[in-house]
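Bear in mind the structure is a predicted one, so any value in this text is a computation, not a measurement.
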Amino acid sequence: MAEQNGKIFKGKTYSLFGNHKTTAEYYRVIRELTDLFLKRCPDEKRLLLQIRKAGSSRVSLAGDYDRALISFIKITLREYLSLYTEGVKDHLKALPLSQRLDSILRTKEAQYHLYMIEIELVNRIYKEAFRKSEYKFALIAHCLRDFRPDCRSAEGDIESVCRGCTKECFIHLGSLLLKKYDIHPYISLSMDLDKLFKKIRSEHQTVGALGIACVPELAAGMRLCIKLDIAPLGIPLDANRCSRWMGQAHESSFNLEELERLLR
């Protein structure tokens, strides 16, 4: 994988490498932080609700809103995860007015931290339901392709599929691993995920969806899956480097070991 080849990617707003040579430390920290929060709130689904409320600008103080827990979570996340989101402030300062209506592009640093924990929690909550799903598919970010050759992906039944142009391509590597676990891999190109997910959900009794995307897009996709009764799992990109963020697409990666750990 890219880390093992000495490549350390810096994204527009975040990098899961932090100041390390691999992203393994990031995943260790995320797991430990989630375990810490679960000691304060042992109910995984209730903790997920509190995490989401902590990031909402329209949160109602009525109902199940644990002010002390949320304050503890925010302070702890800022202390341990700021290392991975050093580019957010500069990105937001430079964000042109025309892009400020884009909820993904205007994601604030504290929200990145909450999304990172949310992804880990959703993976824990829905892992077994995903595994038992009748039909399992994955959407892999198209920016993970090998940029050296022209991509030879072919049209599939719901999205494009990898044809294995190069052995180093992360879409190829991810597709091979996903097929090992009977998951149908596709290259994510469609922006209308709501329409795509509804179509798939209507064709199968139970559905599991796995996403490999940048942190805010992955969190949004997982929320949509839950809303549509699709069991979600997800692995974030090591850094956000596609044209949406950088103006043009740049090489990126994700942690293959963490993907397999999630699927075992």
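Between Tyr26 and Tyr84, the gap from one ring centroid to the other is short of 6.0 Å.
A donor-acceptor contact shorter than 3.5 Å links the side chain of Arg201 to the backbone of Asp229. Ser71 places no side-chain N or O within 3.5 Å of a backbone atom of Ala68 that could act as its donor or acceptor partner. Looking only at distances, a side-chain donor or acceptor of Gln50 sits under 3.5 Å from a matching main-chain atom of Asp66. Checked by atom type and distance alone, the side chain of Lys127 pairs as donor or acceptor with a backbone atom of Arg264 at under 3.5 Å.
The side-chain heavy atoms of Ile187 and Ile140, taken from C-beta on, include no pair separated by under 4.5 Å. A heavy-atom distance below 4.5 Å is not found between the side chains of Phe254 and Leu16. Looking only at side-chain heavy atoms (C-beta outward), Arg52 and Leu114 stay at 4.5 Å or farther from each other. Side-chain contact check for Glu109 versus Glu86: every heavy-atom pair is 4.5 Å or farther apart. Counting heavy atoms from C-beta on, the side chains of Cys225 and Phe197 come closer than 4.5 Å. Between Thr13 and Thr107 there is no side-chain heavy-atom pair separated by less than 4.5 Å. By the 4.5 Å heavy-atom criterion applied to side chains, Ser253 and Lys7 are not counted as neighbours. Between Ser175 and Tyr186 the shortest side-chain heavy-atom distance does not fall below 4.5 Å.
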Between Gln248 and His250, does the side chain to side chain contact (heavy atoms under 4.5 Å, CB included) criterion hold? Intermediate values first, please.
CA-CA 7 Å; Gln248 67 181 68; His250 297 272; 3.5 Å; yes
When you look at Glu203 and Lys199, which way does the salt bridge (Lys or Arg N to Asp or Glu O under 4.0 Å) test go after all the steps?
CA-CA 7 Å; Glu203 295 172 348; Lys199 176 182 180 296; 3.1 Å; yes
Could you walk me through whether Leu121 and Glu118 pass the side chain to side chain contact (heavy atoms under 4.5 Å, CB included) check?
CA-CA 5 Å; Leu121 265 175; Glu118 180 173 341; 5.7 Å; no
Evaluate side chain to side chain contact (heavy atoms under 4.5 Å, CB included) for Asp102 paired with Arg244, printing each intermediate quantity in order.
CA-CA 11 Å; Asp102 188 322; Arg244 184 178 190 181; 2.9 Å; yes
Could you go through the salt bridge (Lys or Arg N to Asp or Glu O under 4.0 Å) check for Glu79 and Lys74 one step at a time?
CA-CA 9 Å; Glu79 178 181 354; Lys74 286 183 173 180; over 6 Å; no
Does Trp245 form a side chain to side chain contact (heavy atoms under 4.5 Å, CB included) with Ile104? I'd like the steps, not just the answer.
CA-CA 10 Å; Trp245 295 96; Ile104 298 295; 3.6 Å; yes
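The aromatic rings of Tyr135 and His184 lie parallel to each other, their planes meeting at an angle below 30°, with 60° marking the opposite boundary.
Val215 and Pro236 get closest at one heavy-atom pair: CG2-CB, 3.9 Å. Residues Ala24 and Asn255 come closest through the heavy atom pair N-ND2, 4.2 Å. In plain terms, the two heavy atoms of Gly11 and Arg241 that are nearest each other are CA-CG, 3.9 Å. Heavy-atom minimum distance, Phe9 versus Ala239: O-CB, 3.8 Å. Shown here for Cys143 and Cys242, the closest heavy-atom pair between the two residues is CB-CB, 3.8 Å. Taking every heavy atom of both residues into account, Tyr14 and Cys214 meet most closely at OH-CA, 3.3 Å.
Side-chain contact annotation: Glu134 with Thr206, donor-acceptor N/O pair under 3.5 Å absent. In this structure, a donor-acceptor pair under 3.5 Å is present between the side chains of Tyr181 and Glu260. In the model, Asn240 has no side-chain atom that pairs as donor or acceptor with a side-chain atom of Glu217 under 3.5 Å.
Taking CG of Leu196 as the reference point, atom CG of Leu139 lies at 6.0 Å (rounded to 0.5 Å). A distance of 4.5 Å separates CG in Leu262 from CG in Asn123, rounded to the nearest 0.5 Å. Annotation: the span from Tyr126 atom OH to Glu44 atom CD amounts to 10.5 Å, rounded to 0.5 Å. How far CZ of Phe137 is from CD1 of Ile230: 5.5 Å, rounded to the nearest 0.5 Å. The CG atom of Leu233 sits 11.5 Å away from atom CD1 of Ile119, with the distance rounded to the nearest 0.5 Å. Atom OG1 of Thr85 and atom CE of Met116 lie 6.0 Å apart (nearest 0.5 Å).
Lys53 has no carboxylate O lying under 4.0 Å from a charged side-chain N of Asp64, or vice versa, which leaves the two without a salt bridge. Using a cutoff of 4.0 Å between basic side-chain nitrogens and carboxylate oxygens, Lys227 and Asp194 are not scored as salt-bridged.
One hydrophobic cluster, built from ILVMFWY side chains closer than 4.5 Å, cannot hold both Leu176 and Leu263; they sit in different ones. In the hydrophobic clustering of ILVMFWY residues, with side-chain heavy atoms under 4.5 Å counting as a link, Leu49 and Leu47 come out apart. Under a hydrophobic clustering in which Ile, Leu, Val, Met, Phe, Trp and Tyr are joined whenever their side-chain heavy atoms come within less than 4.5 Å, directly or via other members, Leu95 and Val88 fall into the same cluster.
No more than 12 heavy atoms of other residues, nucleotides or ligands sit less than 6.0 Å from atom NZ of Lys10.
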Using distance only, find each side-chain donor-acceptor pair of residues 32-40 under 3.5 Å and give its atom names and separation, not counting sequence neighbours.
from: Glu32; atom 1: OE1; to: Arg28; atom 2: NH1; distance (Å): 2.9
from: Glu32; atom 1: OE2; to: Arg28; atom 2: NH1; distance (Å): 2.8
from: Thr34; atom 1: OG1; to: Ile30; atom 2: O; distance (Å): 2.8
from: Asp35; atom 1: OD1; to: Arg124; atom 2: NH1; distance (Å): 2.8
from: Asp35; atom 1: OD1; to: Arg124; atom 2: NH2; distance (Å): 3.2

